[in-house]
Amino acid sequence: MKRVAVIGVGLTKFGELWDASFSQLFVEAGTRAINDAGIDGTDVDALYVGNMSGGRFIDQEHISCLIADYAGLTPIPATRVEAACASGGLAIRQGVMAILSGMHEVVVVGGVEKMTDLSTERTTQTLATASDSEWEAFMGMTFPGLYAMMARRHMHEYGTTREQLAMVAVKNHENALHNPYAQFHVRITVEQVLGSPLVADPLRLLDCSPITDGAACVVLASEERAKEFTDSPVFITGSGQASSSIALHSRESITFVDATYNAGQEAYARAGRSPAEVQVAEVHDAFTIGEILAIEGLGLVERGEGGRATEEGETAIGGRIPVNTSGGLKAKGHPVGATGVAQVVEVVLQLRGEAGKRQVDADVGLAHNVGGSGGTAVVHILER
Amino acid sequence: MKRVAVIGVGLTKFGELWDASFSQLFVEAGTRAINDAGIDGTDVDALYVGNMSGGRFIDQEHISCLIADYAGLTPIPATRVEAACASGGLAIRQGVMAILSGMHEVVVVGGVEKMTDLSTERTTQTLATASDSEWEAFMGMTFPGLYAMMARRHMHEYGTTREQLAMVAVKNHENALHNPYAQFHVRITVEQVLGSPLVADPLRLLDCSPITDGAACVVLASEERAKEFTDSPVFITGSGQASSSIALHSRESITFVDATYNAGQEAYARAGRSPAEVQVAEVHDAFTIGEILAIEGLGLVERGEGGRATEEGETAIGGRIPVNTSGGLKAKGHPVGATGVAQVVEVVLQLRGEAGKRQVDADVGLAHNVGGSGGTAVVHILER
Amino acid sequence: MMSVPRFWRNTKARYRMIGRRCRRCGQVYFPPRNLCRRCRRRGELEEVQLSGRGEVYSFTVIRTPPVGFERSAPYVMALVKLEEGPMVTAQLADVEPEEVRIGMKVRSVFRKIQEDGEAGLIYYGFKFVPVEGEHDVQGE
Amino acid sequence: MMSVPRFWRNTKARYRMIGRRCRRCGQVYFPPRNLCRRCRRRGELEEVQLSGRGEVYSFTVIRTPPVGFERSAPYVMALVKLEEGPMVTAQLADVEPEEVRIGMKVRSVFRKIQEDGEAGLIYYGFKFVPVEGEHDVQGE
Ligand SMILES: [Zn+2]
Ligand SMILES: [Zn+2]
């Protein structure tokens, strides 16, 4: 595919942001991205927003025009895209397509979720709408429970250890120490993970990403227009997206996420890259097992080797293929609709050399975003 | 813009479909569209779905992969698009862009809403999420109330009469008599509209579209691929979309829907057409005043002349510019996420000459879909 | 059905009708915003106390009330154009539906807006009432 | 919190484990579907009674239960691979969490699934219990 430039990025702090409303979050991230791009609001042709459940979290559907209005961007087309936790990644892809279609030249893509306005109980109910509400949630299944069953089976088939799962969380918390936007700035140990309360055996509290408010934003432009604004854009060179059964029980395998594999293959093919060429990756670690499934499905490690690779430091900063340098969903936080956009923001910062103390040396990066337990996956390849 | 072919269309019956689940509705419309196109499921590259509020109507977000799965279309990319009642129209536009981008060649675009699983009270609450939940709904405003205020002001500024509003409903019920998929097959009179219970003065029950279950589907293809499947495709030659403030109180005017105007202007420009060239139009008559605002905003009649034009039969079948030959949202029914797709289906049937007893003579048609009280509008121009 | 944090973020506006004004272009915003939609990032918003006076721009009578408003129906909802420019959606109180006219002068009052039966919460905020005669309007 | 029409559309499956089989390719679907995902519109689905026998493919113990399941926690949820091929998500009953193993043989039973406190409804459906010894399995 033709490449599309990322010319600006912006984030809010991630966390429990009691003072900030939904629209404030977006406006803050959007203003930063537009400033970073050095463009004016009048340069923007269209807006895409990834958001999982404004309808339930804040009783507000139709958030696209709400956001366009509060950001002073009306009357441009504003479109919300949703695929649960993959909403942000899908919004990025729609932004890319909008530019490749020739219909727009400069597109703002944001992701935003305001999760802490609800009680934890109602937040959990809303997150369960990412799974099959009739045949999973109704039966008593929870979202952590689905990943727990994947973890149990992965341990059974490949000998992945409980400690290896914990090491994903430990690594990502370590990385988040150097990310000022991250929700958590606290080092944790394998012992602490293993001593944290069980949520859904074998997963414990410290295997799970938190409930988070936050927004992330990027400004995309056609390669031609990008030259007006910057001499050093980062390019999206590949995009891939795939669907699978929403319910875990309807998939061929629960230890290999076929949507991740298929999205990865499409993205690699469009970019003309192979997994071995990826030098930094943000992947969907909503649960620790998620990161292991991600790096296997993306071909960054061999199938069944995700736990071992983590244990041996291959995915740490300084390792063969640093994964989740931002802290990942686990430690940076997981405002579901914003996550896929925030992943792209991190990869852009890494490729620009602006990642501060968590900087790695990379020319080719990857962002991988999953909806639900794997019903949707979307992958982008970015290059400088 | 390059034109995109519509090579297949499909609908479910619209109505209170107690027996049919959300996924069944989509599968039924999708199977019909795929059969109509004469393609096989394996020819489909991507799926877009317009849906307003799976999250609240059926406790299910992430419906894109659910639908792809139940339609046997996995692992293709499946993307939900939402802008309240304009969700379907936006899904069409994303499908068009996906093809123009060169990333996909054959795309299925569906719209679906399952509204009758909830109580009327909770359905009303959910529809209110299309308006500003903090500064309209919270204050006690309802969705009919917003349109009622537009109607009152339009009557005040232009002398539009209560009877003229009723005539929109009468005409659309008349048209629906000849549409087998319509929810209502009953002729109504101006007197009946004026005698129906007040919902929000001056709007009465028969000014309002009903609560409806239903799905609609189209198959889009690049012009090159379309030739493989059909000798007589209908083409989407123009697409326009615009945003405005979600809240009515934040707009410049409440008697002229700026999003409709802006979306129309973009669509006309991309198609190289003018309003005078449009020969049949499906417009967003969620309330009778909505059709009047639509035909004025689209330039099909002069500003302030919508009521008079309706009264004089200009918008009836056989009139100067037939509007809502399908019966419109008023009489065909309004499954919110499906509506924008169903409008395109009707225009395609008209341009193909397959509209039966409601057939008009047209080479150029238009579909116009609105989100909320006008926060979003999307317009497509179709030609044979 | 509004969550408590959402409500409390806006109490200044809901209880006291404090809006925002752009120092750069003078535009007044109510409900309040964090970005001037004309000047965008070049604008600078400051708080401004609204007078609460305005006139009815359009109105309706809600006969099928939403959850939380069952006991108020039928009631009048209006778009009120405030003196300072912005328009706001609010209930009209202390007036019969048939007395309301476009152009009618109104002023804001502090009242109960809705009850959340489930959570047992009562939400307060502004409504509008008719200004009684020209004398009152000029006298204030 | 499932609406009543949604629940009732699936009572055959929920109460009696009636699934679907494609006449063309033989694939069995449970939960039931209206389209064979292999054959699509060329397939033809008929109802099929499942045996309710299967084995545990994976499992977890839910310690933080969702609304409606508060009184059951902690409880075991499993993916059960049915004899006829499909896999299903269900609760395991009459078994201690520490006794559950991948590969354990189970059979379906009819039980209360959840209560909707707000609406006062109780929903029934299938759970699975361990098959007691090899003898029982062969004897049935
Ligand atoms: Zn300003
Ligand atoms: Zn088959």
Side-chain angles (χ1 to χ4, degrees), chain A residues 1-2 46-47 52-56 58-62 64-66 68-69 73-84 90 93-94 96-103 125-126 129-134 137 239 241-247 250 258-259 262-263 270 371-372 375-376 378, chain B residues 1-2 46-47 52-56 58-62 64-66 68-69 73-84 90 93-94 96-103 125-126 129-134 137 239 241-247 250 258-259 262-263 270 371-372 375-376 378:
Chain A
M1 62 180 237
K2 256 182 91 172
L47 170 65
M52 172 174 170
S53 195
R56 295 175 60 110
I58 60 165
D59 290 333
Q60 183 72 68
E61 305 284 4
H62 206 190
S64 50
C65 66
L66 176 77
D69 182 22
L73 293 174
T74 54
I76 62 168
T79 304
R80 174 199 175 195
V81 176
E82 186 269 329
L90 261 61
R93 182 169 160 102
Q94 297 314 308
V96 166
M97 282 188 183
I99 289 171
L100 293 181
S101 75
M103 287 182 74
Q125 272 186 312
T126 290
T129 64
S131 67
D132 186 331
S133 75
E134 290 199 54
S239 174
Q241 182 187 335
S243 61
S244 187
S245 299
I246 190 169
S250 296
D258 63 313
N262 288 317
R270 291 196 191 275
T376 300
V378 54
Chain B
M1 61 180 238
K2 257 181 92 171
L47 171 65
M52 173 176 170
S53 196
R56 296 175 61 111
I58 60 164
D59 291 332
Q60 183 73 68
E61 305 283 5
H62 206 190
S64 50
C65 66
L66 176 78
D69 182 23
L73 292 174
T74 56
I76 64 168
T79 303
R80 173 198 175 197
V81 176
E82 185 269 328
L90 261 60
R93 183 170 160 102
Q94 297 315 308
V96 167
M97 282 189 185
I99 288 171
L100 293 181
S101 75
M103 286 182 74
Q125 272 187 312
T126 290
T129 64
S131 68
D132 186 329
S133 74
E134 290 198 55
S239 174
Q241 182 188 334
S243 61
S244 187
S245 299
I246 189 168
S250 296
D258 62 310
N262 287 317
R270 292 197 190 275
T376 300
V378 54

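Throughout, protein chains are lettered first and strands after them, A, B, ... in sequence-line order, and every chain is numbered starting at 1.
- For chain A, the option among Ile58(B), Ile246(B), Leu73(B) with the highest count of heavy-atom pairs below 4.5 Å is Ile246(B).
- If you run side chain to side chain donor-acceptor pair (under 3.5 Å) between Ser53(A) and each of Arg56(B), Glu61(B), His62(B), only Glu61(B) comes through.
- The residue from Ser244(A), Ser245(A), Ser250(A) that alone fulfils the side chain to side chain donor-acceptor pair (under 3.5 Å) condition with Asp69(B) is Ser245(A).
- Nearest heavy atoms, Cys65(B) versus Gly375(A): CB-O, 3.3 Å.
- No side-chain heavy atom of Glu82(A) sits under 4.5 Å from any side-chain heavy atom of Glu82(B).
- Both the backbone and the side chain of Leu66(A) have a heavy atom closer than 4.5 Å to some heavy atom of chain B.
- A distance of 6.0 Å separates CG in Asp59(A) from OG in Ser133(B), rounded to the nearest 0.5 Å.
- Looking only at heavy-atom pairs under 4.5 Å with chain A, the residue among Met1(B), Arg93(B), Lys2(B), Glu134(B) that has the most is Arg93(B).
- Of the inter-residue distances, the one linking Asn262(B) atom CG with Ile76(A) atom CD1 reads 11.5 Å to the nearest 0.5 angstrom.
- In terms of heavy-atom pairs under 4.5 Å with chain B, the best-connected choice from Gly55(A), Ala78(A), Ala83(A), Ser243(A) is Ser243(A).
- Contact count versus chain A (heavy atoms, under 4.5 Å) is highest, among Met97(B), Met52(B), Arg80(B), Gln94(B), for Arg80(B).
- Panel note: side chain Arg270(B), backbone Met103(A); a donor-acceptor pair is recorded below 3.5 Å.
- For chain B, the option among Ala46(A), Ala242(A), Ala137(A), Gly102(A) with the highest count of heavy-atom pairs below 4.5 Å is Ala242(A).
- Inter-residue side-chain proximity for Gln241(B) and Thr79(A) is flagged as met; some heavy-atom pair is nearer than 4.5 Å.
- How far CD of Gln60(A) is from OG of Ser131(B): 7.0 Å, rounded to the nearest 0.5 Å.
- From Asp258(A), atom CG reaches atom OG1 of Thr74(B) across 7.5 Å, with rounding to the nearest 0.5 Å.
- Leu47(B) does not touch chain A: none of its heavy atoms, backbone or side chain, sits under 4.5 Å away.
- Proximity to chain B is absent for every atom of Ile99(A), based on heavy atoms less than 4.5 angstrom apart.
- Counting heavy-atom pairs closer than 4.5 Å to chain A, the top-ranked of the candidates Gly371(B), Ala68(B), Ala247(B) is Gly371(B).
- At a 4.5 Å heavy-atom cutoff, the contact between Asp132(A) and chain B is made by backbone and side-chain atoms alike.
- Per-residue heavy-atom pair counts under 4.5 Å with chain B were compared for Thr376(A), Val378(A), Val96(A), Val81(A), and the maximum is reached by Thr376(A).
- Of the two parts of Ala259(B), neither the backbone nor the side chain holds a non-hydrogen atom closer than 4.5 Å to a non-hydrogen atom of chain A.
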